[in-house]
Student: 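Please read through the structure below; I'll follow up with questions.
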Amino acid sequence: MDTTMNVLVTGGAGYIGSHTCIELLNNNYGIIVMDNYSNSSPEALRAVEKITGKTFPIYECDMLDYEGFEKIFQENKIDAVIHFAGLKAVGESVGKPLEYYHNNLTGTINLLRLMKAYGVKKLVFSSSATVYGMNNTVPFQEDMPLSTTNPYGTTKLMIETILKDLCFAEKDWKVALLRYFNPIGAHQSGLIGENPNGIPNNLMPYIMKVAIGKLPCLSVYGNDYPTPDGTGVRDYIHVCDLATGHLKALEKLDSIAGAQAYNLGTGKGSSVLDVVHAFERASGTKVNYQFAPRRPGDIAECYADVSKAKRELGWEAKLNLDEMCRDSWNFIKNQK
Ligand code: NAD
Ligand code: UFG
């Protein structure tokens with residue numbers, strides 16, 4: 001079957017990357033996946049092949065290994081890149097700033113140098129709502145002032161800046177900066193999803209471990225925020241909706257001027273307790289929780305103005321919180 005475009009997917013074995021690979025293959029894109037498996041395993045890619053019935057080139061490769069990375073460009077015809085690879089744990093980044101700056105920044109610069117050398121000028125980059133910092137009011141809009149509170153977030157902001165500078169200097173680059181809000185959920189097959197080792201930092205993985213009895217109790221960080229029930233409000237988005245956002249961005253890259261930022265969220269805020277209760281309904285389990293002090297660095301509310309992505313990419317999220325919880329449960333209940 002004819003493929004429209006060959007896309008290099010960095011970090012393609014990861015949580016969002018693997019879901020996006022499925023969407024790309026199902027829409028007849030050709031894909032080449034590279035990952036060093038520092039936060040994933042080849043099993044996710046085997047599941048992608050099983051779900052789609054398609055195979056594709058896979059490179060176990062570190063972005064920091066320039067020569068190894070170059071081999072991928074030598075051996076494949078690449079039309080565009082979706083760049084997921086990176087370290088992403090906020091708390092860990094505070095303790096290991098050099099590791100985060102080196103991996104995320106040097107890795108991205110290696111990628112950009114190779115793209116330039118091989119004439120690949122189309123890029124979709126995984127940015128984050130974390131770049132809106134602590135001082136904006138919701139809903140967050142793409143043109144608000146940006147700031148960060150931890151090294152992880154700073155790598156995202158610095159990469160956005162690098163990409164904007166690059167697009168200013170070289171007008172033939174086309175770059176979409178996708179600012180994800182809070183991705184949760186899993187593919188409906190139940191074969192892939194997010195299941196971090198150890199004690200999770202993020203809300204949904206924590207809830208899932210409580211629901212399956214691996215952890216005794218969720219700590220809800222703060223019940224005195226100025227929100228309807230006092231707990232923190234976020235814009236949770238189904239990972240499969242996020243995946244389709246990448247396809248829309250790829251389709252529209254040619255009409256994008258320089259580097260353009262897009263919020264990928266639902267535009268709707270849900271509190272921690274909303275998520276707990278939705279998960280209980282979806283799973284038929286009880287999620288034990290207790291209130292705990294606020295987590296340093298957290299903001300009260302974070303949700304997106306999604307009008308730019310709708311207007312310019314023709315994309316909007318379709319799945320609601322109940323569906324996100326249903327699919328998270330469908331995935332986790334089969335995990336050991
Ligand atoms: P993930 O950790 O599951 O996926 C990232 C992948 O990159 C992993 O498979 C990891 O092994 C790989 N990787 C890391 N460093 C690498 C290197 N040097 N060379 C090759 N591969 C490397 O994370 P995810 O949740 O799928 O996130 C994907 C991207 O989206 C990341 O850049 C992340 O910062 C960003 N993002 C995630 C969220 C979220 O809440 N999940 C929110 C906003 C932005
Ligand atoms: N929360 C709890 N208990 C927990 C974990 C989280 O109450 O055990 C609360 C948090 O205080 C917050 C909400 O649940 O109110 C969501 O927290 P997450 O850690 O799941 O997500 P964050 O919004 O803090 O951050 C996530 C990613 C960041 C990314 C950001 C914006 O971890 O990398 O979304 O996209 F930058």
Student: With distance as the sole test, does Lys268 use its side chain to make a donor-acceptor pair with the main-chain N or O of Tyr236 at under 3.5 Å?
Tutor: no
Student: Between CD1 of Ile22 and NZ of Lys50, what distance do you get to the nearest 0.5 Å?
Tutor: 12.0 Å
Student: Under the criterion side chain to side chain contact (heavy atoms under 4.5 Å, CB included), I'd like the reasoning laid out for Val94 against Asn150: C-alpha separation, chi angles, the key distance, then a yes or no.
Tutor: CA-CA 6 Å; Val94 177; Asn150 57 75; 4.1 Å; yes
Student: Quick check: do Asn27 and Leu25 have side-chain heavy atoms less than 4.5 Å from each other?
Tutor: no
Student: Looking at every non-hydrogen atom in both residues, tell me the closest pair between Cys21 and Val48 and how far apart they are.
Tutor: CB-CG1, 4.0 Å
Student: Quick one about Ser128 and Thr130 (side-chain donor to acceptor, distance below 3.5 Å, no hydrogens or angles considered), yes or no?
Tutor: no
Student: Go through the steps for Thr154 and Thr148 under the test side-chain hydrogen bond (donor to acceptor under 3.5 Å, both in side chains), then give the verdict.
Tutor: CA-CA 6 Å; Thr154 307; Thr148 58; 2.8 Å; yes
Student: Decide if atom NZ of Lys116 counts as having more than 12 heavy atoms of other residues, nucleotides or ligands within a radius under 6.0 Å.
Tutor: no
Student: Is there a continuous path of hydrophobic side-chain contacts, each under 4.5 Å between heavy atoms, that joins Ile16 to Leu177?
Tutor: no
Student: Transitively linked via ILVMFWY side-chain contacts under 4.5 Å: Leu8 with Tyr66?
Tutor: yes
Student: Would a distance-only check, ignoring hydrogens and angles, find a side-chain to backbone donor-acceptor pair under 3.5 Å from Asp305 to Phe140?
Tutor: no
Student: For Asn110 and Phe69, indicate whether the former's side chain and the latter's backbone hold a donor-acceptor pair under 3.5 Å.
Tutor: no
Student: To the closest 0.5 Å, what do you measure between CG (Leu191) and CD (Glu49)?
Tutor: 13.0 Å
Student: Please step through side chain to side chain contact (heavy atoms under 4.5 Å, CB included) for the pair Leu114 and Leu111, ending with a clear verdict.
Tutor: CA-CA 5 Å; Leu114 285 166; Leu111 170 67; 5.7 Å; no
Student: Please examine the side chains of Ile237 and Asn182, heavy atoms only from C-beta on, and report whether any two atoms are closer than 4.5 Å.
Tutor: no
Student: To the nearest 0.5 Å, what is the distance between OH on Tyr303 and CG on Asp235?
Tutor: 9.5 Å
Student: Going from OG on Ser328 to CG on Asn195, what distance comes out if it is rounded to the nearest 0.5 angstrom?
Tutor: 11.0 Å
Student: Where do Trp315 and Asp241 come nearest, in terms of heavy atoms and distance?
Tutor: NE1-O, 3.1 Å
Student: Counting C-beta onward and ignoring hydrogens, is there a side-chain heavy-atom pair between Met34 and Glu60 closer than 4.5 Å?
Tutor: no
Student: Considering only heavy atoms from C-beta outward, does the side chain of Val33 approach that of Tyr59 to under 4.5 Å?
Tutor: no
Student: Would Asn263 and Tyr132 count as a side-chain hydrogen bond (donor to acceptor under 3.5 Å, both in side chains) here? Give the steps.
Tutor: CA-CA 11 Å; Asn263 289 339; Tyr132 290 110; 2.6 Å; yes
Student: Main chain of Ile72, side chain of Glu75: is a donor-acceptor contact present, judged purely on distance under 3.5 Å?
Tutor: no
Student: Would you check, one step at a time, whether the test ring-ring contact (aromatic ring centres under 6.0 Å, His included) holds for Tyr180 with His246?
Tutor: CA-CA 11 Å; Tyr180 312 153; His246 292 75; 5.4 Å; yes
Student: Answer yes if the ring centres of His19 and Phe84 are under 6.0 angstrom apart, and no otherwise.
Tutor: no
Student: Is there side-chain contact between Asp35 and Thr10, with at least one heavy-atom pair below 4.5 Å?
Tutor: no
Student: Measuring from atom OG1 of Thr244 to atom CG of Asn26, what distance do you get when rounded to the nearest 0.5 angstrom?
Tutor: 12.0 Å
Student: Is Val90 linked to Val233 within one hydrophobic cluster, defined over Ile, Leu, Val, Met, Phe, Trp and Tyr using a side-chain heavy-atom separation of less than 4.5 Å?
Tutor: no
Student: Just by modelled atom types, is the Pro205 backbone N or O under 3.5 Å from a matching donor or acceptor in the Asn202 side chain?
Tutor: no
Student: Please check if the number of heavy atoms outside Glu43 that lie under 6.0 Å from its CD is greater than 12.
Tutor: no
Student: Are Arg234 and Phe181 in a cation-pi setup, meaning NZ or CZ lies under 6.0 angstrom from the ring centre and within 45 degrees of the ring axis?
Tutor: no
Student: Any link between Met208 and Leu273 through a network of hydrophobic side chains (Ile, Leu, Val, Met, Phe, Trp, Tyr) touching at under 4.5 Å?
Tutor: yes
Student: When you check the gap from the basic side-chain N to the acidic O, do Lys252 and Glu312 get nearer than 4.0 Å?
Tutor: no
Student: For Gln188, does the CD atom sit with more than 12 other heavy atoms under 6.0 Å from it, leaving out its own atoms?
Tutor: no
Student: Would Lys171 count as a cation-pi partner of Phe168, with NZ or CZ less than 6.0 Å from the six-membered ring centre and within 45° of the ring normal?
Tutor: yes
Student: For Ser219 and Tyr221, indicate whether the former's side chain and the latter's backbone hold a donor-acceptor pair under 3.5 Å.
Tutor: no
Student: Under a 3.5 Å distance rule, please check whether Glu280 uses its side chain to pair with a backbone N or O of Val287 as donor and acceptor.
Tutor: yes
Student: Crowded around Lys164 NZ? As in, over 12 foreign heavy atoms under 6.0 Å?
Tutor: yes
Student: Is any side-chain heavy atom of Tyr225 less than 4.5 Å from a side-chain heavy atom of Thr231?
Tutor: no
Student: Taking all heavy atoms of Thr137 and all of Met144, pick out the closest pair and write down the distance.
Tutor: O-CE, 3.3 Å
Student: Hydrophobic clustering (ILVMFWY, side-chain heavy atoms < 4.5 Å, transitive) - are Val120 and Ile159 grouped together?
Tutor: yes
Student: Any donor and acceptor pair, going by atom type alone, linking the side chain of Asn330 with main-chain N or O of Asp327 inside 3.5 Å?
Tutor: no
Student: Please evaluate residues Ser127 and Glu160 with respect to the criterion side-chain hydrogen bond (donor to acceptor under 3.5 Å, both in side chains), reporting the C-alpha separation (whole Å), side-chain torsions for both, the decisive distance (0.1 Å), and the verdict.
Tutor: CA-CA 8 Å; Ser127 189; Glu160 284 205 7; 2.6 Å; yes
Student: What are the two closest heavy atoms between Thr155 and Leu105, and how far apart are they?
Tutor: O-CD2, 4.0 Å
Student: I'd like to know if the side chain of His102 and the backbone of Leu98 have a donor-acceptor N/O pair within less than 3.5 Å.
Tutor: no
Student: Hey, does the Lys NZ or Arg CZ of Arg179 hover above the aromatic six-ring of Tyr262, less than 6.0 Å from the centre and inside 45° of the axis?
Tutor: no
Student: Salt bridge between Asp322 and Arg281, side-chain N to carboxylate O under 4.0 Å?
Tutor: yes
Student: How about Gln260 and Lys308: do any of their side-chain heavy atoms sit closer than 4.5 Å?
Tutor: yes
Student: Short question: side chain of Asp298, backbone of Arg294 - any donor-acceptor pair under 3.5 Å?
Tutor: no
Student: Roughly how far, to the nearest 0.5 Å, is the SG atom of Cys240 from the NZ atom of Lys318?
Tutor: 12.5 Å
Student: Please report the C-alpha distance between Val175 and Ile256 in whole Å, then the side-chain angles of each, then the deciding distance to 0.1 Å, and finally whether the side chain to side chain contact (heavy atoms under 4.5 Å, CB included) criterion is met.
Tutor: CA-CA 7 Å; Val175 177; Ile256 284 177; over 6 Å; no
Student: Test side-chain hydrogen bond (donor to acceptor under 3.5 Å, both in side chains) on Ser126 and His83 and set out the steps.
Tutor: CA-CA 6 Å; Ser126 299; His83 180 32; over 6 Å; no
Student: Side chains of Ile184 and Phe279: closer than 4.5 Å at any heavy-atom pair?
Tutor: no
Student: Heavy atoms only: give me the nearest Tyr152-Ala89 pair and the separation to one decimal.
Tutor: CB-O, 4.5 Å
Student: Can you name the nearest heavy-atom pair linking Ile192 to Ala47, along with the distance?
Tutor: CG2-CB, 3.5 Å
Student: Answer yes when Glu194 and Lys88 have at least one side-chain N-carboxylate O distance shorter than 4.0 Å, and no when they do not.
Tutor: yes
